[in-house]
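Worksheet: the structure to be examined is printed underneath.
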Amino acid sequence: MREEVKGNWSEIEIRNVSKYFARVVANKDVNFTIRKGEVLALLGENGAGKSTIMKILYGLYQADEGSILFDGKEERIANPKDAMRFGIGMIQQHFSLVFAHTVTENVILGAMRGIIPYAKAKEQVESLASRYGFDVDADALVGDLDVGVQQKVEIIKALFKQTTLLIMDEPTAVLTPQEADQLMEFVRQFVADGHAVVFITHKMKEVMEIADRIIVMRDGRISGDLRKEDTNEAELSRLMIGRDIVAPEKVDFEGRDHGQLGLIVENLSLSRGKVKLLDDIDFHLRPGEVLGIAGVSGNGQEELCETICGIRAFDSGSIVLDGVDLSELSLREHIDQGIGYVPVDRHRDAMIGSMSLAENIYLKFSTHDDWNRHGLIDANNLRQKTLESIEDFDIRAPGPDVPAGNLSGGNQQKLILAREMRLAKKLLILNQPTRGLDLGAINNIHTTVLQARAEGLPVLLISTELSEIFALSDRIAVMYKGRFMGIFLPRELNTERIGLLMAGIVPDDLAHVADEEIRAEVV
Amino acid sequence: KKSEESAGTGTQPDSSAPDGAKAAGDYKIVLILPGPINDQSWNATNYAGLVACNDQLGTKIEYVENVKSSDYESTFREYAERKYDLVMAAGTQFDEPAAAVAPNYPDTTFCVVNGSKADGDNVAPIFPKEYEASYLASVIAGNVSENGNFATIGGFPNEPMEKLLSVYEKHAVAIAKERGLADAKATRAYANSWDDVALGKQMGAQMIDNGADTLFVYANEVGLGSIEAAKEKGAKFIGFSSDQNSVAPETVVASVIFDFETFYVWAVDQYVKGTLSGNKVHEAGIKEGIFKPVYGPDISDEVKAAVEAAIEDYKAGKTDLSKYFDK
Amino acid sequence: MSVVVGILARALTMSTPLLYGSLSEVVAERSGMMVTAIEGIFLIGAWGGFVGTYLWGSALYGILLAMGLGVVVAAVYAFVTVTMRQHQVVTGTALNILVAGLCTYFQRVLFGIPTSPLKIERLPQLAIPLLSDIPILGEVFFNQNILTYIMYAIIPLIYFVLFRTSTGLAIRSTGENPVASDVAGISVNFVRYMTVLFSGLMGGVAGAFYSIGFLGMFTAGIIGGRGWIAFAICFLGNWHPFGAVVGTLVFGLAESISIYMQSLGGAGFLPNEFFIALPYILTIVLTVSRRNFKVPAKLGVPYVKEGG
Amino acid sequence: MGKRIGASTRDLIITNFVAIVAGLVLSGLLLLLLDINPIQVFSSALTTLFTDRYMAAEVFLKATPFIFTALAFAFTYKANLFNIGAQGQFYLGAVAAVSVSLLLDGKIPTPILLVVVLASTLVAGGLMGAGIGFLKARYNANEFLTSMMSTYVALAFMNYLLRTVLKETKGEYPQTDALSEAAWIPRIVPGTRLHLGFVIAVVTAILIWVFLYKTPMGFRIRAIGSNARAVELAGINSRKIFVIAFLISGALAGAAGFTEVNGVQRMLIQDFNPDIGSAGIGIAILANANPIGIIFASILFGAISVIGTMMGRMPGINVPPSIVSIIQGSVMLFVITAYYVRAIIGIRRDKKRLKREEA
Ligand SMILES: Nc1ncnc2c1ncn2[C@@H]1O[C@H](COP(=O)(O)OP(=O)(O)OP(=O)(O)O)[C@@H](O)[C@H]1O
Ligand SMILES: Nc1ncnc2c1ncn2[C@@H]1O[C@H](COP(=O)(O)OP(=O)(O)OP(=O)(O)O)[C@@H](O)[C@H]1O
Ligand SMILES: [Mg+2]
Ligand SMILES: [Mg+2]
């Protein structure tokens with residue numbers, strides 16, 4: 001028994017909505033309208049309140065003040081079920097999928113009653129997928145899928161419920177350029193069918209590409225409500241941040257002779273079962289150089305970082321840092337060698353949300369004699385160093401004693417970076433350091449990276465964000481199925497070529513230089 | 001105030017005051033119990049003894065229940081401090097604490113029920129010779145068993161327990177053999193619990209499956225479970241310590257009860273008369289009349305007569321039970 | 001032969017309440033709720049079963065009261081852990097202590113201080129015609145009481161509901177990722193309340209089994225840690241109904257065999273206490289040896305929607 | 001900032017006080033069912049508690065083992081681990097205490113003997129704890145289950161020893177011989193049973209606080225509770241920390257065996273203090289696992305237990321002993337509720353302030 005679907009509205013008005021969390025005003029007097037047949041972009045920095053206002057519309061949160069009107073009639077949305085009844089679907093910023101279940105089970109969750117006709121459900125899922133050209137195996141376990149495919153599962157999930165308004169919260173954050181393009185294509189098609197889309201992002205480029213109208217939010221308030229034709233990136237950026245942003249300048253790398261210094265990785269291989277996670281990787285990363293590694297995530301980037309950092313063992317090859325063979329060292333000794341590492345998932349790997357900023361910094365120094373005194377933690381010294389970091393890295397926090405989990409994502413990332421920079425005497429490894437961050441925070445982190453480079457630190461930068469790779473790297477490697485597709489100079493590549501390399505295809509005109517030795521001479 | 005509310009009512013019999021001044025009701029007496037008085041077993045039995053004293057002797061015995069082992073000593077001390085004349089405690093586990101406290105309070109008499117440690121002028125434990133009761137039980141069992149296969153379950157293995165079970169087993173087997181059951185034998189198990197009823201049932205059922213037709217269990221609530229098993233499987237059960245016939249009249253063919261009412265009255269009366277002296281374990285048994293058989297309808301007159309004969313012989317000193325003890 | 005049949009039949013009998021308990025725990029834990037109040041629920045079920053039967057003279061009333069009281073304890077548990085989002089282990093500990101006190105206390109309020117045990121009529125052994133005549137199997141499986149027969153039906157039912165219906169899907173999703181349920185329009189709290197209350201219901205029956213089905217009486221020590229065994233079986237059965245069935249049978253058998261050894265007067269070289277500890281040692285060994293546990297990802301984690 | 005802390009401390013005190021009172025009121029209402037006047041009973045018990053030195057000292061005596069078992073639970077709780085096997089570790093501690101005392105008493109001077117006995121209880125409880133930690137670290141065995149089950153095993157083991165090698169000389173009952181005076185923990189208040197063990201417990205609690213919050217290892221233990229992987233990637237062997245945390249936890253519970261055997265019971269008997277493990281969990285929660293708070297919460301539980309005892313001894317009234325469990329359980333439950341109430345109050349207050357500021 002399906003419930004009555006009331007999706008035949010033509011516009012939704014959000015009127016004077018305010019939402020207060022205990023210590024923050026997430027939304028204040030928010031007003032705007034969503035119309036059918038339109039892509040509405042919701043633009044704003046981290047913490048601007050974009051997710052919150054949409055969660056209110058979707059019934060996940062309740063507004064403290066204000067109302068929601070469907071074609072001028074006020075309606076109460078007490079929970080997502082109510083929202084679904086109005087044809088509203090929402091894809092969360094952090095996917096809300098059950099990893100242990102199949103695609104079909106995820107899609108039908110909450111959309112069926114009684115005994116599940118699995119075969120029929122599977123058919124429906126497959127037909128939906130093919131309608132939008134999604135290549136998804138309905139029987140696969142979601143946990144086994146790449147994030148790009150998971151994104152598609154989320155979309156199918158929403159569509160399965162006869163969605164007329166699809167809210168997508170930062171859908172491209174984890175996608176490759178190709179995947180992002182596909183997504184945009186889907187959005188256009190979906191809206192063309194007379195539906196509506198709210199597209200949350202803080203990427204200007206996407207906004208200009210896809211939006212019909214743009215709502216800019218800052219500090220929980222609406223700072224702009226514009227048609228795309230009437231605006232430009234600069235204006236949006238000002239509305240979003242409240243000031244202009246100056247990108248950090250990169251001084252060109254000069255080919256200094258560093259002999260055996262820096263990081264030398266030779267014939268590095270690692271397999272799990274029959275799968276080659278790392279396949280014969282060779283490179284020499286010199287002091288003062290940024291080696292960018294592009295590639296679709298899940299192609300061995302994380303494994304590469306973790307083997308270099310000593311977190312993971314490898315099968316064969318060698319890793320030498322400043323003449324020291326790392327393969328014999330323990331994890332602790334790797335760290336003591338002076339390797340700083342910012343992992344891709346800070347919540348899982350690098351941070352303790354319930355502990356203070358100071359304790360998070362101390363985390364990697366608890367065995368260092370100069371951080372302890374008489375067997376006790378040297379609290380004064382720790383506090384001092386934390387304050388220094390807060391100052392140097394512009395971490396926005398009430399003080400060194402607040403829990404790190406209370407900081408926004410960008411500030412958490414700066415905290416991790418601050419700690420790792422203290423450790424990084426010989427090598428800095430960054431895995432997706434700016435994923436999901438806003439412009440201000442990204443800018444800040446890029447500055448730090450370039451400064452480290454200027455001070456002669458070798459930097460290994462992994463990113464799926466091509467603009468970032470191009471902006472920071474001296475040389476670029478592309479990873480595909482655990483292999484380096486080659487190491488190139490930035491000027492040898494463009495988005496299209498990189499896209500092919502990322503798909504495992506070497507463009508003909510590049511073949512002759514796709515080799516580390518030759519590159520070394522070029523440099 | 002407290003005297004009006006004290007446990008037990010009943011008319012005051014004219015108890016003869018030992019030194020002409022004090023009546024039974026004037027003594028401050030308390031009974032310390034290790035468990036709750038409604039446990040339907042050991043503590044309840046002792047509590048019944050207390051009520052009987054208050055009824056029959058006119059005493060005003062108070063009680064404390066559920067005293068934890070870490071508080072034994074402090075409880076003794078507390079009542080001694082408050083100048084109680086007689087402090088009773090139900091259970092052998094009180095022996096040591098009583099011995100520890102007694103020397104400091106010479107005016108208080110310490111009486112451990114089931115106690116066996118009597119070092120001091122004011123330490124006067126009373127002890128029911130349980131093996132005499134199990135001896136009576138064995139007379140019944142030996143005569144009612146059809147196949148001579150006896151099963152016994154004890155709570156925890158300890159010396160008095162082992163004695164009483166040995167007497168029961170050996171004597172019952174001997175009688176069965178006399179009756180011509182050449183294969184007569186007894187199997188013993190310990191539940192290692194006093195209160196796991198479910199375990200008692202499973203264990204009882206198992207022993208019946210193993211071939212036993214007559215069960216004898218001395219393990220408080222555990223025994224209740226075994227009765228259930230016997231009932232289910234049609235075996236016979238010899239009740240012990242309390243009248244268990246009523247629990248399952250068809251199954252519990254007879255019980256040998258510890259008449260704690262008589263036992264308590266006997267002990268408290270001795271105290272009131274001034275004969276509950278220290279440095280001595282005051283044992284009671286068949287002679288004192290504290291063990292009584294209670295028969296179900298299926299017990300024949302011959303069996304009853306055999307029990308009576310056993311009692312008379314024992315009273316006359318014709319029976320030596322120590323030969324049944326394991327050495 | 002009859003010894004073996006006896007051991008098996010008893011194993012099955014003793015498995016029944018454990019299975020009620022562990023199946024209900026499987027359902028609740030699949031939704032992310034460890035019902036650590038299970039020991040208390042068993043106890044109050046045993047008590048309620050006894051009281052209902054004793055006062056109103058029918059085992060049916062006893063079972064109903066047991067279920068009712070089990071649900072009440074479960075409701076308190078759910079309120080504290082779901083609505084108030086407090087720690088499950090801790091809440092269970094508090095409730096178990098409280099329930100133990102309440103049962104003993106009300107036993108005295110209702111029945112005073114009886115000198116002989118209060119007995120009730122046990123549920124009868126119902127031999128199923130024909131089936132019970134099958135050699136060995138018949139005696140073991142088809143000469144049990146009604147609660148055991150109901151259990152036969154409950155096993156496939158729970159499997160079916162968990163894995164073939166949308167209700168089951170909602171339960172499983174809620175334990176794996178409550179956000180997913182929430183976003184899909186399923187109330188996480190509602191699901192968790194329901195599974196916990198169901199646990200209360202089943203746990204109540206399990207408790208009643210001891211007093212009504214097996215012993216015909218109530219004592220304070222009647223459960224004696226068996227609730228925890230059911231709890232452990234849920235883990236060992238890998239949160240699967242069939243796993244729970246296997247786990248319970250293994251336990252019932254271990255207990256039966258250990259009692260058999262004890263009934264022989266000990267196995268000679270091994271002390272009695274070893275057999276008493278055997279089921280617990282077995283749990284530890286299984287916990288250690290069992291690999292690839294598929295623990296529900298959000299087991300024991302309260303669902304916080306709007307933090308701070 | 002200062003005002004905030006003031007307000008939340010006030011919330012803490014008020015809500016916990018209300019919780020305790022609520023527990024008492026609930027139990028009091030139940031007493032009416034037995035025609036017992038709760039006000040009379042409680043007030044008379046409280047009066048004794050505050051006027052009778054012996055009874056007052058009993059409170060601290062009872063609190064002593066609670067402090068240890070609560071610390072045992074709190075210690076692993078900080079590492080997000082559950083050692084609910086404190087009861088079993090206590091049993092082993094008690095076995096160690098009585099064995100070593102019987103073996104050595106009279107042979108070495110009392111102070112040295114007591115130190116040796118204490119050490120042996122720490123080792124006994126600690127080893128058992130470490131075993132659980134090891135299974136967790138090595139096999140990822142669920143510590144909740146293993147620690148729970150280990151208590152039953154420890155109990156069986158203790159009973160076995162009591163029946164065999166530790167059985168009293170006269171060989172009757174499953175209990176040990178009494179310790180001679182040379183093995184007693186000295187008493188600190190004349191005319192009461194309060195012994196030095198209480199002081200040791202308090203000092204231990206303070207040391208544990210220092211350890212957890214001021215030392216690198218304490219830091220790691222707390223950190224691992226929140227995010228084991230992050231700690232691991234910081235180059236710290238998390239398995240080792242599991243074992244260490246459980247070792248210390250077990251040792252703390254074992255120490256309760258020392259204070260109970262050498263300070264109170266002076267022998268070991270069957271069914272010895274069967275509830276201090278679960279009480280420890282309740283106390284640790286009451287104190288939010290803060291070692292200093294545990295001292296006070298233990299004293300509260302000590303008082304509940306003494307009040308229960310006194311109520312059970314009032315001549316002619318005889319409150320049933322189960323009331324102690326009811327008070328304990330309901331106080332715990334209400335204290336847990338108080339956590340929630342405080343959180344709600346805090347959020348309300350913050351929101352109100354926020355709206356005021358916005359306006
Ligand atoms: N569950 C919550 N509890 C308390 N505060 C919250 C919660 N969720 C969000 N906030 C607060 O509300 C503000 C708005 O958050 P929101 O997630 O809406 O921002 P956003 O614009 O989506 O940011 P981002 O780009 O990082 O996703 C945040 O700054 C945060 O402080
Ligand atoms: N569950 C929560 N409980 C309390 N505060 C929260 C919660 N979620 C978010 N916040 C608040 O939100 C703020 C930032 O959260 P938010 O998730 O918007 O950050 P973010 O920049 O979007 O980070 P991320 O990139 O990781 O999403 C913090 O100040 C924090 O106080
Ligand atoms: Mg965010
Ligand atoms: Mg957001």
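The figures that follow rest on heavy atoms only: side chains count, while hydrogens, waters and symmetry mates do not. Quick note on labels: first sequence line is chain A, next is B, and so on, each numbered from 1.
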Exercise for review: Identify which of B/Ala48, B/Gly211, B/Ala205, B/Ala229 forms the greatest number of heavy-atom pairs closer than 4.5 Å to chain C.
Suggested key: B/Ala205

Exercise for review: Find the one option among B/Thr152, B/Val247, B/Asp243 whose heavy-atom pairs under 4.5 Å with chain C are most numerous.
Suggested key: B/Val247

In a table with atom names and distances, give each donor-acceptor pair under 3.5 Å that connects a side chain of residues 41-49 of chain C to protein atoms at least two apart or in another chain.
residue : atom : partner  : partner atom : Å
C/Trp47 : NE1  : C/Gln107 : OE1          : 2.7

Revision key, fill the gap. So, the part of C/Phe209 with a heavy atom under 4.5 Å from chain B: the answer is neither

Review point. If you measure from NZ on B/Lys231 to NZ on C/Lys119, what distance do you get to the nearest 0.5 Å?
Key: 6.0 Å

Practice item. Taking atom OH of C/Tyr61 as the centre, report whether more than 12 heavy atoms of other residues, nucleotides or ligands fall under 6.0 Å from it. Key: no

Review point. With only heavy atoms counted, which part of B/Leu199 is less than 4.5 Å from chain C, the side chain, the backbone, both or neither?
Key: both

Check your understanding: Is atom CG of C/Asp133 surrounded by more than 12 heavy atoms (other residues, nucleotides or ligands) closer than 6.0 Å?
Key -> yes

Check your understanding: How close do B/Gln206 and C/Ser256 get, heavy atom to heavy atom, and via which atoms?
Key -> OE1-O, 4.3 Å

Practice item. Using a cut-off of under 4.5 Å on heavy-atom pairs, state which of B/Ala198, B/Ser242, B/Ala44, B/Ala248 scores highest against chain C. Key: B/Ala198

Point to revise | Close contacts, residues 217-228 of chain B versus chain C, judged by heavy atoms under 4.5 Å | key: B/Glu221, B/Leu224, B/Gly225, B/Glu228

Practice item. Tell me, out of C/Thr104, C/Thr219, C/Leu215, C/Thr13, who's got the most heavy-atom pairs with chain B below 4.5 Å. Key: C/Leu215

Exercise for review: Kindly compute the distance separating CE (B/Met207) from CD1 (C/Ile259), expressed to the nearest 0.5 Å.
Suggested key: 11.5 Å

Review point. What is the distance from atom CD of B/Gln202 to atom CD1 of C/Ile7, rounded to the nearest 0.5 Å?
Key: 11.5 Å

Study note, to complete from the structure: Correct closest heavy-atom pair for B/Lys201 and C/Phe214 would be NZ-O, 2.5 Å

Study note, to complete from the structure: Between the CD atom in B/Glu232 and the CZ atom in C/Arg122, the distance rounded to the nearest 0.5 Å is 4.5 Å

Practice item. Select, from B/Asn210, B/Ile153, B/Ile208, B/Asp196, the one with the greatest count of heavy-atom pairs under 4.5 Å involving chain C. Key: B/Asn210

